[in-house]
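Let me begin by presenting the structure, written as structure tokens, before commenting on it.
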Amino acid sequence: MISNCRVCETIIQPFMSFGKMPIANGFLDPEDFTMEYFYELKPVFCENCLTFQITEQPDPKKMFHQNYAFFSRTSKRMVSHFKSYADWIMHEYLSSPDPFVVEIGSNDGAMMENFSKNKIRHLGVEPSENVANEARKHGINTLCSFFNLTTAEKITSKYGLADALIAANVMCHIPDLHGVARGVDHLLKPKGILVFEEPYLGDMIQNTAYDQIYDEHVYIFSARSVKNIFNKHGFELIDVKKQSTHGGSMRYILARKGKRPVSPNVDRQLAYEDNINLHLQGTYDRFRERCELSRKDLVAILQQQKNAGKRVVGYAATSKSTTVLNYCGIGPDLIEFISDTTPIKQGKYTPGVHIPVRPYEDLQKCYPDGLLLFAWNHKKEVMEKESNFLDQGGEWITYVPQVSLIRK
Ligand code: SAH
Ligand code: TMP
Ligand code: ZN
């Protein structure tokens, strides 16, 4: 099927289909199974503006609402990551007398808390009401809204212009990036900065981490695509900083053209991207082949475990796992349940394939033979926490960068 690039309107064609997909964070009760919403997950690489994207995305209101299932504070590592992110912003960019910082997609306030503790004027913009309320409980000034030009206008009329607009794992969620850029342009002071960090295309391709592709991630960015998109709105990519979070991310720092020096890191990153052929369609064809192989290997391992009478449980009902489970067709016949620490997911069933989600305590009570690591991006944190599992003879099953078993 042919469609138009969301950024440059060029006609583009998906390089693969992951098939019918449900809402990645749409955990549900059995009475809702028959009404479940599905769309077709098809990734595309636009050779004109070099933006990786998906062609179909459910209406954002279907994903971000009063029952949004993802809470930033569930990962201790992310909480400390946001502290260092905020410290760095304060140190580098908030030198004016009474600075004002706005976060797009502030969720439960894990990042903004660091500004409020330092008595810095702040505002979180967050459309999902339940997580916005959680942030408010932590004393974070929060506007429950999608970020766009209209929201930016409301913010400036109430609070004035911002010194810094920051974000994490949200820019890639917003289909209308031109609307975001117009909002940024309206809201930022002349020398203000825009900083956001998102899963990085280079890492996704190199690690065959295809589960980064799901409804919320309408884009997977590279330095090249970010530079192209924001250039159209008078912004310049002035620095990039590689991050290890979420399985490999990139922090992008942008300012109005000519207002701040451009770091040599930018050209270095662009050269790296050319070097690993991120700009070529053939790279995505090979990625598709590796996805197909990964699916075959993962299903084979789970089938072997089942045939050997072994119990396999999933570790963490992540949004990423929705792509893996539905693409591979893995259901409750192969995975007994998925353990997750987020109360709102517990007692529900996973989107599409309907595997039960149970509290972490159920896993601790009785370790299975195998644990399938869906939270592979938190591998270090998880492995440390679950060292007893390997000691007791358990096996981890992982699938990034390739399907493998980890035993002691
Ligand atoms: N920044 C947090 C949360 C990431 S999840 C973190 O990194 O942990 C993405 C968040 O962005 C969700 O809370 C979602 O409700 C919010 N969001 C989605 N679309 C948005 C938009 N257009 N404007 C602002 N926030 C948005
Ligand atoms: P995400 O991959 O969509 O960010 O979601 C992370 C999910 O993983 C969240 O529901 C919490 C869960 N989780 C656990 O259950 N145990 C853990 O140790 C970690 C790190 C995450
Ligand atoms: Zn394009």
Side-chain angles (χ1 to χ4, degrees), residues 4-12 24-25 27 44-53 60-61 63-65 68-79 81-82 85 102-112 124-132 134-135 143-148 151 166-177 179-180 183 196-199 211-212 214 216-218 225 228-229 245-247 249 314-322 338-346 357-360 363 373-386:
N4 291 88
C5 170
R6 293 168 183 276
V7 174
C8 74
E9 300 281 317
T10 300
I11 291 177
I12 47 175
N25 268 312
F27 295 86
V44 191
F45 179 71
C46 174
E47 279 179 301
N48 183 47
C49 68
L50 309 180
T51 307
F52 186 101
Q53 56 200 282
K61 292 196 183 82
M63 299 183 281
F64 310 116
H65 43 56
Y68 186 58
F70 175 78
F71 287 69
S72 304
R73 289 175 205 270
T74 48
S75 163
K76 287 199 179 65
R77 177 164 172 234
M78 287 311 290
V79 169
H81 173 76
F82 288 137
Y85 186 161
V102 176
E103 184 185 1
I104 305 177
S106 45
N107 197 272
D108 59 12
M111 166 99 87
M112 282 279 102
V125 181
E126 173 50 62
S128 300
E129 202 182 320
N130 60 332
V131 291
E134 182 64 26
L143 174 68
C144 189
S145 181
F146 286 93
F147 183 84
N148 49 34
T151 306
I166 62 174
N169 311 303
V170 60
M171 242 10 145
C172 67
H173 293 51
I174 309 181
D176 179 16
L177 285 177
V180 168
F196 57 91
E197 58 181 43
E198 312 284 318
D211 55 355
Q212 292 285 12
Y214 55 92
E216 294 182 21
H217 289 176
V218 62
S225 56
N228 284 345
I229 295 159
T245 48
H246 286 296
S249 298
Y315 198 95
T318 60
S319 24
K320 291 196 282 298
S321 69
T322 296
I338 301 185
S339 150
D340 198 284
T341 51
T342 314
I344 195 174
K345 297 183 186 178
Q346 296 162 357
V357 181
R358 298 228 211 114
Y360 178 51
L363 171 68
L373 181 61
F374 289 119
W376 57 265
N377 49 313
H378 301 288
K379 187 169 172 185
K380 198 164 165 279
E381 180 175 344
V382 171
M383 291 295 188
E384 279 167 14
K385 202 161 77 178
E386 307 303 340

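Owing to the predicted nature of the structure, the values given are computational and were not obtained by experimental measurement. Below, all heavy atoms of this structure are taken into account, side chains as well, without hydrogens, waters or symmetry copies. Both counts, for ligands and for their atoms, begin at 1 and track the order of listing.
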For [X], counting its heavy atoms only, list the atoms of ligand 1 lying under 4.0 Å from any of them.
| X | value |
| --- | --- |
| G105 | 1 (N), 2 (C), 3 (C), 11 (O), 16 (C), 24 (C), 25 (N) |
| S128 | 15 (O) |
| H173 | 9 (C) |
| I104 | 23 (N), 24 (C) |

Identify, for [atom], the protein heavy atom at the shortest distance, and state residue, atom and that distance.
| atom | result |
| --- | --- |
| atom 18 (O) of ligand 2 | K385 NZ, 2.7 Å |
| atom 8 (O) of ligand 2 | A316 CB, 3.3 Å |
| atom 4 (O) of ligand 2 | F70 CE1, 3.0 Å |
| atom 3 (O) of ligand 2 | S319 OG, 2.5 Å |
| atom 4 (C) of ligand 1 | N169 O, 3.5 Å |
| atom 11 (O) of ligand 1 | V170 CG2, 3.2 Å |
| atom 23 (N) of ligand 1 | F147 N, 2.9 Å |
| atom 15 (O) of ligand 1 | E126 OE2, 2.6 Å |
| atom 2 (C) of ligand 1 | S72 OG, 3.3 Å |
| atom 6 (C) of ligand 2 | T318 CG2, 3.8 Å |
| atom 10 (O) of ligand 2 | K345 NZ, 2.7 Å |

- Message: Counting only heavy atoms closer than 4.0 Å, does ligand 2 sit against the backbone of T341, its side chain, both, or neither?
- Response: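 Both parts.
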- Query: What part of F374, side chain, backbone, both or neither, has a heavy atom within less than 4.0 angstrom of ligand 2?
  - Reply: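 Neither; nothing of F374 gets under 4.0 Å from ligand 2.
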- Kindly confirm or rule out an N or O of H378 lying under 3.5 angstrom from an N or O of ligand 2.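 In this structure, H378 places no N or O atom under 3.5 Å from an N or O of ligand 2.
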- Task: Decide whether an N or O pair under 3.5 Å exists between D340 and ligand 2.
- Result: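 Among all N and O atoms of D340, at least one is under 3.5 Å from an N or O of ligand 2.
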Is there side-chain contact between [X] and [Y], with at least one heavy-atom pair below 4.5 Å?
| X | Y | value |
| --- | --- | --- |
| K320 | N377 | yes |
| N169 | M78 | yes |
| Y315 | Y360 | yes |

Which atom pair, heavy atoms only, marks the closest approach of [X] to [Y]?
| X | Y | result |
| --- | --- | --- |
| H217 | P199 | CE1-CG, 3.9 Å |
| A167 | E103 | CA-CG, 4.4 Å |
| R77 | E381 | CB-OE1, 3.1 Å |
| R73 | V79 | CA-CG2, 3.8 Å |
| V170 | I104 | CG1-O, 3.2 Å |
| C49 | N228 | O-ND2, 3.0 Å |

Check: [X] N/O within less than 3.5 Å of ligand 1 N/O:
| X | value |
| --- | --- |
| P127 | no |
| Y68 | no |
| N107 | yes |

- Item | Angle subtended at the Zn ion (ligand 3) by SG of C5 and SG of C8, nearest 10° |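 C5 SG and C8 SG form an angle of 110° at the Zn ion (ligand 3).
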- Task: Specify whether Y68 and F70 have parallel, tilted or perpendicular ring planes, treating 30° as the upper limit for parallel and 60° as the lower limit for perpendicular.
- Result: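 Y68 and F70: perpendicular rings.
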- Query: For the residue pair F64 and H173, does the interplanar ring angle fall in the parallel (under 30°), tilted (30 to 60°) or perpendicular (over 60°) class?
  - Reply: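 F64 and H173: tilted rings.
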Does ligand 1 have a heavy atom under 4.0 Å from the side chain of [X], from its backbone, from both, or from neither?
| X | value |
| --- | --- |
| F64 | side chain |
| E103 | side chain |
| F82 | side chain |
| I174 | side chain |

Just checking, is any N or O donor in the side chain of [X] or [Y] under 3.5 Å from an acceptor N or O on the other one?
| X | Y | answer |
| --- | --- | --- |
| E197 | Y85 | no |
| T151 | N148 | yes |
| Y214 | S319 | yes |

- Query: Is the backbone N or O of N107 less than 3.5 Å from a side-chain atom of E126, with the two atoms forming a donor-acceptor pair by type?
  - Reply: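 Flag set: sc E126 to bb N107 pair under 3.5 Å.
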- Message: As an exercise, identify every atom of ligand 2 less than 4.0 angstrom from a heavy atom of K320.
- Response: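 So the atoms of ligand 2 that pass are 2 (O).
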- Just which atoms of ligand 2 are under 4.0 Å from any heavy atom in T342?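 Counting from 1, the qualifying ligand atoms are 9 (C), 10 (O), 11 (C).
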- Message: Are there over 12 heavy-atom neighbours, none belonging to K385, within less than 6.0 Å of that residue's NZ?
- Response: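 Correct, the count exceeds 12.
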- Salt-bridge contact E384-K380 (side-chain N to carboxylate O under 4.0 Å):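 Salt bridge: yes.
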- For Y315 and ligand 2, answer yes if some heavy atom of the residue is under 4.0 Å from a ligand atom, otherwise no.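 Within the 4.0 Å threshold, so yes.
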